[in-house]
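This report refers to the structure that appears directly beneath it.
Counting starts at 1 for both ligands and their atoms, in listed order.
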Amino acid sequence: MQVTVIGAGVAGLTCALELAERGVAVEVLERAPRLDGAGCSWFAGGMLAPWCERESSEPLIAELGAESLGWWRTHFPGTVARGTLVVAHARDTAELAQFGRRTAHFQHLAAEGIAALEPELAGRFAHALFFADEGHLDPRAALRALTERLSGLAVRVRFGVDVAPGELAGRTVIDCTGLAARTRLPQLRGVKGEMLLLHSDEVTLTRPVRVLHPRVPLYVVPRGQGLFMVGATMIESDEGSRVSARSMLELLSAAYALHPAFGEAQVIEIGTGVRAAFPDNLPRLQRVGRTLYINGLYRHGFLLAPALARRAAQTVLEGRQFPEVMHEDPRERRLA
Ligand SMILES: Cc1cc2nc3c(=O)[nH]c(=O)nc-3n(C[C@H](O)[C@H](O)[C@H](O)COP(=O)(O)OP(=O)(O)OC[C@H]3O[C@@H](n4cnc5c(N)ncnc54)[C@H](O)[C@@H]3O)c2cc1C
């Protein structure tokens with residue numbers, strides 16, 4: 001069997017790998033000239049946080065996310081398993097209590113516990129929640145590692161190939177084109193996310209730290225070698241090229257309030273990506289003719305992609321059904 005995967009974001013690459021590992025002849029077509037900056041995946045934080053995400057999402061996200069965590073550990077050696085620390089400044093302690101009520105799989109920490117985990121935060125927060133079983137990765141390193149692994153399995157990722165709808169009619173296709181699939185999946189919408197990369201030799205946080213706030217909850221994810229990703233805004237918009245001054249102020253203020261040494265950090269990059277989401281913010285495998293779409297990964301693409309990729313491979317190869325993520329919309333059949 002031969003399968004063409006369109007899109008070299010995290011959904012497309014994990015899917016290609018799941019198929020190639022099962023002996024399928026796969027090719028990946030990507031319209032961008034290179035991996036760098038190609039799609040939304042390039043700008044992600046890389047948090048693998050199934051239980052934290054439960055705060056604002058359905059139980060399905062935690063289930064698929066927990067499954068994917070194991071996949072990342074076996075497929076990407078750069079996966080870091082140091083948990084997630086969730087903190088709130090003194091005026092926002094109600095947010096921390098609410099976060100705890102909506103989530104599970106954490107332990108309460110007092111000031112000494114926080115200091116033991118992240119000595120630089122000693123004395124800055126009285127309470128925290130620690131999600132010990134969560135992880136994180138550098139999305140850019142992970143995307144590169146996936147393409148290398150694919151090339152080891154003789155799978156070519158062909159860059160600079162913009163596939164027009166209908167162009168591959170008659171072939172078995174898995175469409176992982178994110179928001180670009182909106183012409184065929186009209187229910188998709190864009191949720192813009194702005195982020196920063198900072199460099200500081202003085203900050204040595206070792207795990208993602210989420211700072212709760214009633215209006216602008218934000219997080220800092222360590223990338224190693226003094227790099228930190230600060231993210232991310234959630235704006236109902238599919239405009240993906242501009243970053244507002246307000247967003248920059250909020251991201252920088254949150255980083256500075258977490259750790260004053262971020263005030264001296266260098267701004268390495270200001271970026272923005274647009275997450276593709278369905279109205280219920282849940283991911284879908286959607287079959288339209290011979291094309292299977294993997295889409296709607298919203299704010300959970302790295303967290304969910306391996307679990308969706310596994311299901312997609314089993315759907316295409318074995319005809320299995322996964323009602324928890326499968327979606328059929330007769331109105332969209334004609335768009336095959
Ligand atoms: C700021 C920010 C922070 C985030 N943080 C996290 C996080 O911490 N953890 C997490 O799990 N998720 C996070 N996300 C969400 C995650 O990034 C997305 O869910 C994920 O990247 C979606 O992946 P994808 O492969 O579906 O889409 P994309 O990464 O957008 O990939 C789609 C690809 O298809 C290509 N393409 C489109 N049309 C065509 C065509 N016609 N022909 C060929 N190629 C085409 C595009 O160029 C693109 O490369 C974050 C998102 C943002 C914006």
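When non-hydrogen atoms are compared, ligand 1 lies under 4.0 Å from the backbone of M47 as well as from its side chain. With a 4.0 Å cut-off on non-hydrogen atoms, A180 touches ligand 1 through its side chain and not its backbone. Heavy atoms of V161 found under 4.0 angstrom from ligand 1 belong exclusively to the backbone. If you look at I6 next to ligand 1, the close heavy atoms, those under 4.0 Å, all belong to the side chain. Contacts with ligand 1 closer than 4.0 Å are made by side-chain heavy atoms of Y219 only, the backbone lying farther away. Using a 4.0 Å cut-off between heavy atoms, F43 contacts ligand 1 through its backbone alone, with no side-chain atom that close. In H136, neither the side chain nor the backbone holds a heavy atom less than 4.0 Å from any atom of ligand 1. Contact annotation for T272 and ligand 1: no heavy atom of the residue comes within less than 4.0 Å of the ligand. When heavy-atom distances to ligand 1 are checked against a 4.0 Å cut-off, A232 comes that close only through its side chain, counted from C-beta outward.
Among Y298, Y293, F159, the residue whose heavy atom sits closest to atom 18 (C) of ligand 1 is Y298. The closest non-hydrogen atom to atom 17 (O) of ligand 1, taken over G9, A44, P33, A8, comes from A44. Residue nearest to atom 33 (C) of ligand 1, selected from R31, E30, E194: E30 (by heavy-atom distance). Of all the listed residues (A49, A38, C176), C176 holds the heavy atom that lies closest to atom 32 (C) of ligand 1. In this comparison of G46, G37, P139, C52, the heavy atom closest to atom 7 (C) of ligand 1 sits on G46.
Partner R207 forms a side-chain hydrogen bond (donor to acceptor under 3.5 Å, both in side chains) with one of E118, H136, E134 and no other, that one being E118. Put simply, the residue from R149, E18, E21 that forms a side-chain hydrogen bond (donor to acceptor under 3.5 Å, both in side chains) with H75 is E21. Residue E55 is tested with R210, R102, R101 for a salt bridge (Lys or Arg N to Asp or Glu O under 4.0 Å); the sole match is R102.
Here F262 and Y256 keep their ring centres 6.0 angstrom or further from each other.
Salt bridge E53/R299: present, at least one basic N to carboxylate O contact under 4.0 Å. Salt bridge annotation for R140-D36: absent, with no cationic side-chain nitrogen under 4.0 angstrom from a carboxylate oxygen. Here E67 pairs with R310 in a salt bridge; the nearest charged N to carboxylate O distance falls below 4.0 Å. Checked for salt-bridge contact, E194 and R246 miss the test: no charged N lies under 4.0 Å from a carboxylate O.
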Step by step, work out the side chain to side chain donor-acceptor pair (under 3.5 Å) result for R184 and N295. CA-CA 11 Å; R184 281 95 68 209; N295 217 312; over 6 Å; no
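A donor-acceptor contact shorter than 3.5 Å links the side chain of S68 to the backbone of A307. A distance-only check finds a donor-acceptor pair linking the side chain of S200 to the backbone of E202 [under 3.5 Å].
Of the N or O atoms in V163, one or more lie within a sub-3.5 Å distance of an N or O in ligand 1. Backbone and side-chain nitrogen or oxygen atoms of I294 are examined, and none is located within less than 3.5 angstrom of a nitrogen or oxygen of ligand 1. Considering backbone and side-chain N/O atoms, S41 comes within less than 3.5 Å of an N/O atom of ligand 1.
Taking atom 28 (P) of ligand 1 as the reference point, the nearest protein heavy-atom neighbour is C40 N, 3.6 Å. Protein heavy atom in closest approach to atom 25 (O) of ligand 1: A11 N, 3.0 Å. At the shortest separation from atom 16 (C) of ligand 1 among protein heavy atoms lies G301 N, 3.7 Å.
Looking at Q2 and T4, their side chains never bring a donor and an acceptor atom within 3.5 Å of each other.
The shortest heavy-atom distance from G231 to ligand 1 is not under 4.0 Å. For the ligand labelled ligand 1, residue W42 lies outside the 4.0 Å heavy-atom shell.
A cation-pi arrangement is not found for R287 relative to Y293, the charged atom failing to lie both closer than 6.0 Å to the ring centre and inside a 45° cone about the ring normal.
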